Trainee: 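Here it is, the structure, as structure tokens.
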Amino acid sequence: MSHPKNSTTQILTLLILTTLVVLVSSQSSLCRSSCGGIPINYPLTIDDGCGSPYYRHILMCSGDVLQLRTPSGRYPVKSISYSDPHILVSDPLMWECKDEDRFRPTRPFSLDSSTHLSLSNQNEYLFFNCSPDKVIMEPRPMFCERFPDRCDTTCDPASYLCRHFPQCAPNNKALRDLSCCSYYPKATESLRMMLKHCDTYTSVHWKSVGGLGTSRPYDQVPEYGVRVDFETPLTSSCLRCQDRAKGGGTCGFNTTNQDFLCLCEERNVTTYCKDHRIERHGGHTKAVAGTVTAASIAGVGIGAGIWYLKKVRATAPVTHGVQTNEN
């Protein structure tokens with residue numbers, strides 16, 4: 001006759017194992033491919049364990065709003081390009097033409113230097129009402145001819161954008177007395193130093209328009225936003241995993257050690273979905289934890305087991321109990 005304690009333990013173990021099987025078998029379907037209409041493809045990800053570990057916890061999807069997380073805050077993502085790898089974000093605190101001469105407190109946009117993200121050289125920064133005693137304000141071409149070694153430190157009051165604010169009506173009276181200069185920062189620290197001596201600033205991104213076959217295929221138009229470039233690490237493992245002839249898996253990684261994983265419909269493997277050697281020998285698969293849906297499934301299974309265990313042991317003395325919720 002089996003002991004009631006052993007029987008209860010076996011039931012709880014079975015519930016947990018069943019939950020983990022569901023977690024492993026459904027992982028590839030948990031890698032969301034869009035947020036708010038913006039496509040999420042490799043190497044980017046909004047679900048832990050998907051994409052490349054280079055961009056783990058960089059993007060987050062709150063409702064239908066995609067956001068980029070940086071040391072200076074969270075910024076709504078306007079668009080993502082994978083052919084010309086970059087993320088375009090907006091900063092609600094930055095000045096726009098509709099603000100006219102009304103300024104609000106802001107902070108310099110910054111990126112973590114340890115990530116594979118970088119500020120694009122297609123960004124141009126406009127600073128407003130800067131102190132002439134603290135900021136070098138001279139037309140850049142003339143200044144660069146006289147002081148080429150200090151050219152990057154000048155704020156150009158004669159730039160095209162200071163004379164043609166994006167989305168501004170011509171001859172806007174509210175902007176006539178607005179002091180403006182264009183600056184090319186080398187790092188976040190230079191943005192911070194400029195803001196100490198200027199009322200506010202904004203970032204303008206030069207957006208490419210037109211295309212092949214048009215009379216002017218390389219036209220660019222300015223629009224408000226911060227362009228952030230990213231790298232696409234293409235490895236042979238990922239290419240093999242994505243190959244439709246080999247199963248068309250999704251590139252991901254183990255959240256514990258960040259080793260590569262190919263996420264498949266039925267299991268997660270370290271090679272590719274149709275690797276018959278793994279199918280024949282059973283294979284060693286690894287669960288990728290971290291998505292909200294997967295965690296919820298696991299929570300239901302384990303929670304039911306704990307409830308059952310408490311019910312059976314209601315009359316037994318409690319000696320110890322530690323509950324953890326690691327994700």
Side-chain angles (χ1 to χ4, degrees), residues 62 65-79 86-113 117-144 150-207 220-229:
S62 178
V65 179
L66 183 63
Q67 294 178 316
L68 176 70
R69 180 186 291 142
T70 80
S72 56
R74 296 177 179 176
Y75 301 89
V77 175
K78 301 173 67 175
S79 63
H86 71 269
I87 304 170
L88 186 63
V89 304
S90 62
D91 183 353
L93 296 181
M94 283 186 177
W95 181 89
E96 290 190 10
C97 189
K98 61 184 180 181
D99 298 324
E100 297 184 337
D101 57 355
R102 299 181 299 273
F103 300 144
R104 54 183 176 271
T106 186
R107 72 277 192 250
F109 181 90
S110 66
L111 292 173
D112 186 347
S113 59
L117 302 175
S118 61
L119 284 175
S120 172
N121 57 12
Q122 295 187 35
N123 293 322
E124 191 163 342
Y125 297 87
L126 303 181
F127 287 82
F128 302 97
N129 293 352
C130 299
S131 170
D133 297 332
K134 302 293 184 180
V135 179
I136 302 175
M137 297 176 61
E138 288 196 38
R140 185 171 289 109
M142 296 173 56
F143 186 85
C144 293
R150 300 178 61 192
C151 183
D152 291 335
T153 63
T154 184
C155 196
D156 184 5
S159 73
Y160 171 85
L161 290 176
C162 279
R163 292 177 285 112
H164 302 86
F165 293 120
Q167 303 172 10
C168 277
N171 302 319
N172 189 315
K173 295 181 180 180
L175 303 177
R176 287 181 180 178
D177 299 327
L178 188 65
S179 169
C180 168
C181 61
S182 174
Y183 182 67
Y184 296 90
K186 289 185 175 180
T188 301
E189 185 60 30
S190 59
L191 286 177
R192 187 176 295 109
M193 292 299 295
M194 286 289 290
L195 274 179
K196 286 184 177 181
H197 310 298
C198 304
D199 285 343
T200 190
Y201 84 124
T202 191
S203 174
V204 177
H205 158 69
W206 286 95
K207 179 181 179 180
Q220 290 184 318
V221 296
E223 67 173 357
Y224 296 107
V226 183
R227 171 173 164 148
V228 178
D229 294 337

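Just the heavy atoms: all of them, side chains too, but no hydrogens, waters or symmetry mates, feed the values below. Owing to the predicted nature of the structure, the values given are computational and were not obtained by experimental measurement.
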Trainee: Would you say that L195 contacts P108 through its side chain, given a criterion of any heavy-atom pair below 4.5 Å between the two side chains?
Mentor: yes

Trainee: List the residues meeting salt bridge (charged side-chain N to carboxylate O under 4.0 Å, His left out) with R102, not counting sequence neighbours, and say none if there are none.
Mentor: E100

Trainee: D112 vs L117, test: side-chain contact (heavy atoms from CB on, under 4.5 Å). Steps then yes/no.
Mentor: CA-CA 8 Å; D112 186 347; L117 302 175; over 6 Å; no

Trainee: Please evaluate residues Y184 and R140 with respect to the criterion side-chain contact (heavy atoms from CB on, under 4.5 Å), reporting the C-alpha separation (whole Å), side-chain torsions for both, the decisive distance (0.1 Å), and the verdict.
Mentor: CA-CA 11 Å; Y184 296 90; R140 185 171 289 109; 2.9 Å; yes

Trainee: Atom SG in C168, atom CD in E96: separation rounded to 0.5 Å?
Mentor: 9.5 Å

Trainee: Is there a side-chain contact between D229 and Q122, using heavy atoms and a 4.5 Å cut-off?
Mentor: no

Trainee: Evaluate side-chain contact (heavy atoms from CB on, under 4.5 Å) for F128 paired with T202, printing each intermediate quantity in order.
Mentor: CA-CA 9 Å; F128 302 97; T202 191; 4.0 Å; yes

Trainee: Any side-chain to backbone donor/acceptor pair from K98 onto Q167? Under 3.5 Å, distance only.
Mentor: no

Trainee: Got F143 and R150 here, is their nearest side-chain heavy-atom distance under 4.5 Å?
Mentor: yes

Trainee: Would you check if L126 and C162 make a side-chain contact, meaning some heavy-atom pair closer than 4.5 Å?
Mentor: yes

Trainee: Could you tell me whether the side chain of D91 reaches within less than 4.5 Å of the side chain of S203, counting heavy atoms only?
Mentor: no

Trainee: Please report the interatomic distance CG(L111) to CG(L68), rounded to the nearest 0.5 Å.
Mentor: 7.0 Å

Trainee: Run the ring-centre check on Y75 versus F109 and record whether the distance is less than 6.0 Å.
Mentor: yes

Trainee: Just checking, is any N or O donor in the side chain of E138 or T154 under 3.5 Å from an acceptor N or O on the other one?
Mentor: no

Trainee: Tell me if the NZ atom of K207 is crowded by more than 12 foreign heavy atoms within 6.0 Å.
Mentor: no

Trainee: Is the closest side-chain heavy-atom distance between C130 and M137 below 4.5 Å?
Mentor: yes

Trainee: Of all the heavy-atom pairs spanning S72 and R107, show the shortest one and how long it is.
Mentor: O-NE, 3.3 Å

Trainee: V135 and C198: which non-hydrogen atoms are nearest, and at how many Å?
Mentor: CG2-SG, 4.3 Å

Trainee: Look only at the side chain of T106 and the backbone of T200, and say whether a donor-acceptor pair between them is shorter than 3.5 Å.
Mentor: no

Trainee: What heavy-atom pair brings C97 and P166 nearest, and what distance separates the two atoms?
Mentor: CB-O, 3.5 Å

Trainee: Compare every heavy atom of P92 with every heavy atom of S90, then report the nearest pair and how far apart it is.
Mentor: O-CD, 3.7 Å

Trainee: W95 and ring pair (Phe, Tyr, Trp, His ring centres under 6.0 Å): which single residue from F165, Y201, F127 fits?
Mentor: F165

Trainee: Nearest 0.5 angstrom please: H205 NE2 to K78 NZ, how far?
Mentor: 8.5 Å

Trainee: Could you give the distance from OG (S120) to CD1 (I87), rounded to the nearest 0.5 Å?
Mentor: 12.0 Å

Trainee: Step by step, work out the side-chain contact (heavy atoms from CB on, under 4.5 Å) result for C181 and D156.
Mentor: CA-CA 5 Å; C181 61; D156 184 5; 5.6 Å; no

Trainee: May I ask you to test the P222-E124 pair for a side-chain heavy-atom distance under 4.5 Å?
Mentor: no

Trainee: Looking only at heavy atoms, which two atoms of M94 and R104 are closest? And how far apart?
Mentor: O-NH2, 2.9 Å

Trainee: Give, for atom CG of L88 and atom CZ of R227, the distance between the pair rounded to the nearest 0.5 Å.
Mentor: 8.5 Å

Trainee: Check P157 against P139 and note the closest heavy-atom contact, atom names and distance.
Mentor: CD-N, 3.7 Å

